[in-house]
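Structure record follows, encoded as structure tokens.
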Amino acid sequence: MYQLKTSAAFDSAHFLANYPGKCANLHGHHWVIEVIVATETLQSDGASRGMAIDFHDLKSVLRALADFYDHALIYEAGTLKEATIAAMQVEGFRLIAVPFRPTAECFAKRFYEQLQEKSLPVESVTVYETSENCATYTALSE
């Protein structure tokens with residue numbers, strides 16, 4: 001089995017609605033997405049001969065995911081008042097509503113699914129919200 005690992009990062013703000021601690025307040029992270037892809041075979045012809053996956057192609061897809069969230073306020077849909085959203089939009093803030101709680105765990109699963117949709121042989125995705133705290137998502141074997 002061949003495994004390739006690469007990463008990309010983005011900076012964003014979030015908060016955890018109804019959380020009984022500091023993370024209920026708006027705060028930011030330097031998020032790092034680390035992906036491991038795995039395959040049994042190497043490509044046999046063309047410019048990518050001898051490669052599991054071209055790192056350039058893998059990095060390009062991962063970078064696009066990270067860039068989408070970069071320098072935005074990410075919030076769980078339904079957790080901000082419409083007036084708050086409107087006021088922030090008038091000020092020119094970039095807001096991204098997501099259909100999940102914006103935790104490292106939920107982001108790991110989300111990125112896993114998005115990479116699979118791109119037909120990548122994803123084995124696992126780890127999301128770091130700090131250099132010491134991370135969550136990994138690996139799909140169960142079928």
Side-chain angles (χ1 to χ4, degrees), residues 1-19 21-82 84-142:
M1 177 71 67
Y2 298 97
Q3 292 183 324
L4 281 70
K5 179 169 63 171
T6 194
S7 63
F10 64 97
D11 297 299
S12 69
H14 78 145
F15 65 94
L16 300 179
N18 302 311
Y19 181 78
K22 290 181 180 181
C23 292
N25 292 311
L26 186 63
H27 63 284
H29 292 289
H30 178 72
W31 303 87
V32 176
I33 312 164
E34 183 180 273
V35 60
I36 296 176
V37 295
T39 182
E40 294 278 343
T41 59
L42 299 179
Q43 296 181 44
S44 59
D45 55 355
S48 297
R49 184 170 55 86
M51 296 180 188
I53 295 171
D54 188 322
F55 271 112
H56 177 269
D57 296 339
L58 179 59
K59 285 287 287 189
S60 179
V61 171
L62 189 59
R63 181 78 253 150
L65 290 179
D67 286 349
F68 176 76
Y69 292 100
D70 194 43
H71 282 79
L73 167 58
I74 303 165
Y75 67 97
E76 183 177 8
T79 61
L80 287 176
K81 294 177 182 172
E82 290 300 319
T84 302
I85 294 168
M88 293 180 88
Q89 288 173 331
V90 166
E91 293 295 335
F93 290 109
R94 190 162 168 264
L95 308 174
I96 300 174
V98 294
F100 55 86
R101 193 163 172 87
T103 62
E105 295 90 337
C106 292
F107 271 123
K109 183 177 183 188
R110 174 68 161 213
F111 293 138
Y112 182 99
E113 291 167 346
Q114 290 179 308
L115 292 167
Q116 272 198 321
E117 289 170 6
K118 301 286 186 186
S119 300
L120 291 170
V122 185
E123 184 171 282
S124 66
V125 173
T126 300
V127 174
Y128 290 83
E129 64 176 30
T130 71
S131 61
E132 298 173 344
N133 300 326
C134 66
T136 300
Y137 182 81
T138 304
L140 296 174
S141 299
E142 297 182 20

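For this chain, numbers begin at 1 and follow the sequence in order.
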Using distance only, find each side-chain donor-acceptor pair of residues 31-41 under 3.5 Å and give its atom names and separation, not counting sequence neighbours.
from, atom 1, to, atom 2, distance (Å)
Trp31, NE1, Ser12, OG, 2.9
Thr39, OG1, Thr41, N, 3.4
Thr39, OG1, Thr41, O, 3.4

For residues 95-110, which side-chain N or O atoms pair as donor and acceptor with protein atoms under 3.5 Å away, sequence neighbours left out?
from, atom 1, to, atom 2, distance (Å)
Arg101, NH1, Ala17, O, 2.9
Arg101, NH2, Ala17, O, 3.4
Thr103, OG1, Glu105, OE1, 3.4
Thr103, OG1, Cys106, N, 3.1

What pairs of donor and acceptor atoms, side-chain ones from residues 44-59 against any protein atom, are under 3.5 angstrom apart with sequence neighbours left out?
from, atom 1, to, atom 2, distance (Å)
Asp54, OD1, His56, N, 2.8
Lys59, NZ, Ser7, O, 2.4

Acceptor/donor pairs from residues 117-126 side chains to any protein atom, 3.5 angstrom cut, sequence neighbours excluded:
from, atom 1, to, atom 2, distance (Å)
Glu123, OE1, Gln3, NE2, 3.2
Glu123, OE2, Gln3, NE2, 2.5
Thr126, OG1, Thr136, OG1, 2.7

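Evaluation of the ring-ring contact (aromatic ring centres under 6.0 Å, His included) rule for His27 yields His14, His29 as partners, not counting sequence neighbours. Evaluation of the side-chain hydrogen bond (donor to acceptor under 3.5 Å, both in side chains) rule for Ser60 yields no partner, not counting sequence neighbours.
Counting heavy atoms from C-beta on, the side chains of Leu73 and Phe93 never come closer than 4.5 Å.
The CG atom of Asp11 lies 5.5 Å from the NE2 atom of His30; values are rounded to the nearest 0.5 Å.
Within the structure, every pair that satisfies the salt bridge (Lys or Arg N to Asp or Glu O under 4.0 Å) test and touches residues 67-78, not counting sequence neighbours, is listed here: Arg63-Asp67.
Atom CG of Asn133 has more than 12 neighbouring heavy atoms from other residues, nucleotides or ligands inside a 6.0 Å radius.
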- Report the C-alpha distance between Ile74 and Phe10 in whole Å, list the side-chain angles of each, state the deciding distance to 0.1 Å, and finish with yes or no for side-chain contact (heavy atoms from CB on, under 4.5 Å). CA-CA 12 Å; Ile74 303 165; Phe10 64 97; 4.1 Å; yes
